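What follows is a short report on a single structure.
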Amino acid sequence: EKGGYPNFMAKEINEQPHAVADTLLGRTDETGRLVLDELRISEDDLRAVDKIVIIACGTAAYAGMVAKYAIEHWCRIPCEVELAHEFRYRDPVVNERTLVVAISQSGETMDTLMAVKHARELGAKVVAVCNTHGSTIPRESDAVLYTHAGPEIAVASTKAFLAQITACYILGLYLAQLRGGTYADEAQAVMKDLHEVPAKIQQVLDGLDRVREIARFMADTRSVLFLGRHVGYPVALEGALKLKELAYIHAEGFAAGELKHGPIALIEPGQPVFVIVPSPSSEHGLHGKVVSNIQEIRARGARTLVIAEDGDEDVVPFADVVIRVPQTPALLAPLVTTVPLQVFACELATAKGLDVDQPRNLAKSVTVE
Ligand code: F6R
């Protein structure tokens, strides 16, 4: 069943090129326009949407945080991301013109389900982004956009995360196309870029021997920090979550810009810090700022593990280790930069002799509030 891999997690990490490719499949017509027949919400209702609220928990919420950057950029609709269990218990501003996107791999997460019901009571239209056919959350939603990652057995989520980002991007591009506006014409170009992502993920997977080796050496590590900016920020949060869940190591993700507002006080000699570096060619222009952050923490003794694009030489003087990923458009970068962090956590946990598929205290679907 594990297809020659030592555990389901390793198998699922390696299935990610397919998870993304299969999620993209059949979502465009022969001219390259997005067609989402499954989205049973009328075009008029979708055109009237003036706010998007993404609700989810855990890794799925981090996929939502990534999607927010892309959806606001492409659609120019305000987009919030909220943990489902928080959304439900405050007094959220939601009405008939709100599109709620509920992301859930299992489709059974009680916190997310309750939030879906709450949103619908308030009049919102709800689209589920889900990996499990016939599960409860899609049934309780107005429409569903399935991720086609295939069954995810390991408790900690990996391939579903990349598929969730992919599906949310498809939704965002579809809305942009439907509503017209500046980015409507970009939808097809971005879809083309997305179709190139599975091969890039494969390239990352094929080059991770050094990450595995480092992870094995770090089995005694007590704490690891993760820094990222823009879409790299939720990737940092996800990298930290994987390490907590799988290896039981204290880990925290930060927005790199927040460093000087507090977390830099944590840096002491030998502290390992992963840094997810944006592409030097990204239009947001954050590359130089993140390189400066690496320089700052290195000067204070941090051990810097830097995830950077091929050809980015600026990071080299300040990196103890450079982990390379192929050149990828800024918004799509999480689909490649997340992968080394998953492998790192999986390998480190394995080196500690832990059961990576069944971490202690966790369940695959959390069906209680
Ligand atoms: C993390 C993880 C959890 C889930 C969360 C939501 O590795 O597995 O954080 O992402 O419990 O689960 P779903 O997506 O099934 O609603």
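The model shown is predicted, which means the values in this text are computed figures rather than measured ones. Both ligands and their constituent atoms are indexed starting at 1 by order of listing.
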Inset, instruction - Please go through V126's hydrophobic cluster and name the other residues, only I, L, V, M, F, W, Y counting, with side-chain heavy atoms under 4.5 Å joining them. - result: V53, I55, F87, V94, V100, M110, L113, M114, V116, L122, I137
Legend entry - Nearest non-hydrogen protein atom, atom 15 (O) of ligand 1: S106 OG, 2.6 Å
Legend entry - Min N/O separation K242 to ligand 1 under 3.5 Å: yes
Inset, instruction - Determine whether more than 12 heavy atoms belonging to other residues, nucleotides or ligands lie under 6.0 Å from atom NZ of K289. - result: no
Inset, instruction - Write out the residue and atom name of the closest protein heavy atom to atom 2 (C) of ligand 1, then the distance separating them to 0.1 Å. - result: E245 OE2, 3.5 Å
Legend entry - Parallel, tilted or perpendicular: rings of H133 and H148 (30°, 60°): parallel
Inset, instruction - Would you check if the distance from the ring center of F344 to the ring center of F274 is below 6.0 Å? - result: yes
Inset, instruction - Please say whether more than 12 non-hydrogen atoms of neighbouring residues, nucleotides or ligands are located less than 6.0 Å from CZ in R90. - result: yes
Legend entry - Linked, directly or transitively: M65 and L341 (ILVMFWY side chains, under 4.5 Å): yes
Inset, instruction - May I ask whether V155 has any heavy atom positioned less than 4.0 angstrom from an atom of ligand 1? - result: yes
Inset, instruction - Measure the distance from atom 12 (O) of ligand 1 to every protein heavy atom, then report the residue, atom name and distance (to 0.1 Å) of the closest one. - result: T109 OG1, 3.5 Å
Inset, instruction - For G58, take its heavy atoms, then give the atoms of ligand 1 lying under 4.0 Å from any of them. - result: 9 (O)
Inset, instruction - Show your reasoning for whether side-chain hydrogen bond (donor to acceptor under 3.5 Å, both in side chains) applies to T109 and D111. - result: CA-CA 6 Å; T109 301; D111 288 317; over 6 Å; no
Inset, instruction - List every atom of ligand 1 that sits less than 4.0 Å from any heavy atom of S157, numbering the atoms from 1 in the order shown and giving each element. - result: 1 (C), 7 (O), 8 (O)
Inset, instruction - If you have a sec, work out which protein heavy atom is nearest atom 11 (O) of ligand 1 and how many Å separate them, to one decimal? - result: V366 CG2, 4.3 Å
Legend entry - For A60, atoms of ligand 1 separated by under 4.0 Å from a heavy atom: 10 (O), 14 (O)
Legend entry - Under-4.0 Å heavy-atom contact with ligand 1, by part of E108 that carries it: neither
Inset, instruction - Looking only at protein heavy atoms, identify the closest one to atom 10 (O) of ligand 1 and say how far it is in Å. - result: T59 N, 3.2 Å
Legend entry - Test salt bridge (charged side-chain N to carboxylate O under 4.0 Å, His left out) applied to D91 - qualifying residues, sequence neighbours left out: none
Inset, instruction - Answer whether the closest heavy-atom distance between the side chains of V101 and I71 falls below 4.5 Å. - result: no
Inset, instruction - Looking only at protein heavy atoms, identify the closest one to atom 14 (O) of ligand 1 and say how far it is in Å. - result: Q105 N, 2.6 Å
Legend entry - Protein contact to atom 5 (C) of ligand 1 [nearest heavy atom, distance to 0.1 Å]: C57 O, 3.5 Å
